[in-house]
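Model, not experiment: these values are computed from the prediction. The sequence lines fix the lettering, A, B, ..., with proteins before strands; numbering per chain opens at 1.
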Amino acid sequence: MLDIRLIRRDPEGVAAALSRRGPQAARTVEAVVELDARWREVTAALEQLRAEQNAANRALRGAPDDAQRAALAELAARGRTLSDEEASLRAQRDAAMASLPNLPIPEAPNADEVLREVGERLPAGRDHLELAGSRIDMERGARLSGSRFAYLRGDLVMLEIALLRYAMDKLAAEGFEPVIPPVLVREPALYGTGFLPDTEQQIYTLPDDDLYLTGTSEVALASLHRDEIVPVDALPRRYAGFSSCFRREAGAAGKDTRGIFRVHQFDKIEMFCFVAPELAADEHLRLLAIEESIMADLRIPYRVVAIGVDDLGASAAMKYDVEAWLPGQRRYRELTSCSNTTDYQARRLDVRYRPAEGRPAHLATLNGTAVAIGRTIIALLENGQQPDGSVTLPPALHGLGAPDRLAPSDGR
RNA sequence: GGAGGGGUGGCAGAGUGGUCGAAUGCACCGGUCUUGAAAACCGGAGUCCGGCGACCCCGGACCGCGGGUUCGAAUCCCGCCCCCUCCGCCA
């Protein structure tokens, strides 16, 4: 949600910033301005009438006589009309506002920009399914649940647990509180994070219970302080959420159909931060630095991409992707990303803090992937592969429950 | 799944149709007093919207949320959400 005051003050500026994301948003800004002006007009009239009613009732101090009652009833009837009109205009304005995406920050590029490439690449190699064998069981997964579902088995389960332990230790040292959130949420949580209205085709719904399965723990973590005024000395708040994530992948037909690169269910450790607005840009770089540090720890070659504004989700003002080199695909693929959502989500969720000066203000929120476990396993397998088909795992994972070296595939 | 009780300011807790944004206590902030502190006393303090992007001021709204009845709703009615107790079931 954008700040209505900002739209009133500088509608052209807002429209110009939004037009970088496409032509629709600018038109919506116009509609918002128009609806808001009418809303304010009606509101002024309604409030004046309420003031009259209040004054009359205060003067009465008891039951009115018939003449007074008739006069007051007339006021009340006018009040109902105005009040209906006010509610309707407000609903229209708010719906239009809710459909507006966040303002990209000026630093966000128009098109994807590769900022740097780090690490030594294995030019080509076996892909993760060849290396994993039956430890990634696609066929039985499909028999159970359909395409894009898999059983993870054996060593790879221990590898997942090691990755989880590694990530939580690392993030705890960075000041993040570990959280395991619910993955079933009500609609306001998705609205508040900007996934609704925007990406409904990606979301699993449970209509019998009015619940949604979340595609990322970002949704639950963002709602952790919903409707709260967070004490200023408790800032910044940093959370490391671990949860399964569920995505319908509608519209991805035919894309990434091999293996577990794109599946309907995967586990992920997610970083989520609440910070004062002026610190959001620094925090964004901090998240990116953590993501790069994880890549380095895991010995995964990668590149950093500043995402173009036309690829930003509704809530993001700026986003970086960290793309891992996958020898099996001979190209870079997205492994993690981090977004600065400024005050867009905080405004929708009403998460505020009390600045040293002035009234409560909305916080900024940021999110970033620490470890997307499925894709990280792919990257570890493909980049750690040896000529004999075994896989060497990086020292950062040693002693956390997984073998230091994964045996070659059993060929099944 | 069944039965019952309850949601009022930071907290506790009054208020069951009329001057109630709401008694009282605690906590908090300022002041008087004091060498200093405590106590006592005096005063202040919430959030949101609009007027007017700031202060003051004015008006409006907010007693879980949303509707309704009424000249008038914290109070009556309807729906929803949440919490608690008991029974059943369950990991």
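Going from atom CG of Leu82(A) over to atom P of A61(B) covers 13 Å, rounded to whole Å.
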Would you mind building the protein contact string for nucleotides 48-55 of chain B? One character per nucleotide, 5' to 3', B for base within reach (heavy atoms under 4.0 Å), S for sugar-phosphate only, - for untouched. SBSS-B--
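By the side-chain hydrogen bond (donor to acceptor under 3.5 Å, both in side chains) test, Arg78(A) is found to be paired with no residue, residues two or more places apart in sequence or in another chain being considered.
Residue Arg90(A) is classed as having no contact, given no heavy-atom separation below 4.0 Å to the nucleic acid.
A side-chain hydrogen bond (donor to acceptor under 3.5 Å, both in side chains) with Tyr302(A) is found for exactly one of Glu291(A), Glu292(A), Arg116(A), namely Glu292(A).
Look at the C1' atom in both C56(B) and C80(B): the space between them is 42 Å, to the nearest Å. Only the P atoms considered, G31(B) is 12 Å distant from A38(B), to the nearest whole Å. The P atoms of A61(B) and C20(B) are separated by 15 Å, rounded to the nearest whole Å.
Using a 4.0 Å cut-off between charged nitrogen and carboxylate oxygen, Asp169(A) and Arg165(A) count as a salt-bridge pair.
Within the structure, every side-chain polar atom (N or O) of Asn54(A) is placed at least 4.0 Å from both OP1 and OP2 of C71(B).
At least one donor-acceptor pair under 3.5 Å links the side chain of Arg21(A) to the backbone N or O of Leu312(A). Glu200(A) places a side-chain N or O within donor-acceptor distance of the main-chain N or O of Asp198(A), the cut-off being under 3.5 Å. Although no hydrogens or angles enter the test, the distance criterion places a donor-acceptor pair under 3.5 Å between the side chain of His284(A) and the main chain of Cys338(A). Using a distance-only test at 3.5 Å, with no hydrogens or angles considered, a donor-acceptor pair links the side chain of Thr214(A) to the main chain of Val183(A).
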Check the interface with nucleotides 28-30 of chain B: list each N/O to N/O pair with the protein under 3.5 Å, or write none.
none

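Sequence order on RNA chain B of the closest nucleotides to Ile229(A) and Ala76(A) puts Ile229(A) first from the 5' end. Taking for each of Asp84(A) and Gln53(A) the nucleotide of RNA chain B with the nearest heavy atom, the 5'-most of the two is the partner of Asp84(A).
The aromatic rings of Trp325(A) and Tyr332(A) lie perpendicular to each other, with more than 60° between the two planes, well past the 30° mark.
Nucleotide G50(B) forms a Watson-Crick or G-U wobble pair with C58(B), both donor-acceptor distances falling under 3.5 Å.
Geometrically, Arg238(A) does not engage Phe274(A) in a cation-pi contact, judged by NZ or CZ lying under 6.0 Å from the ring centre and within 45° of the ring axis.
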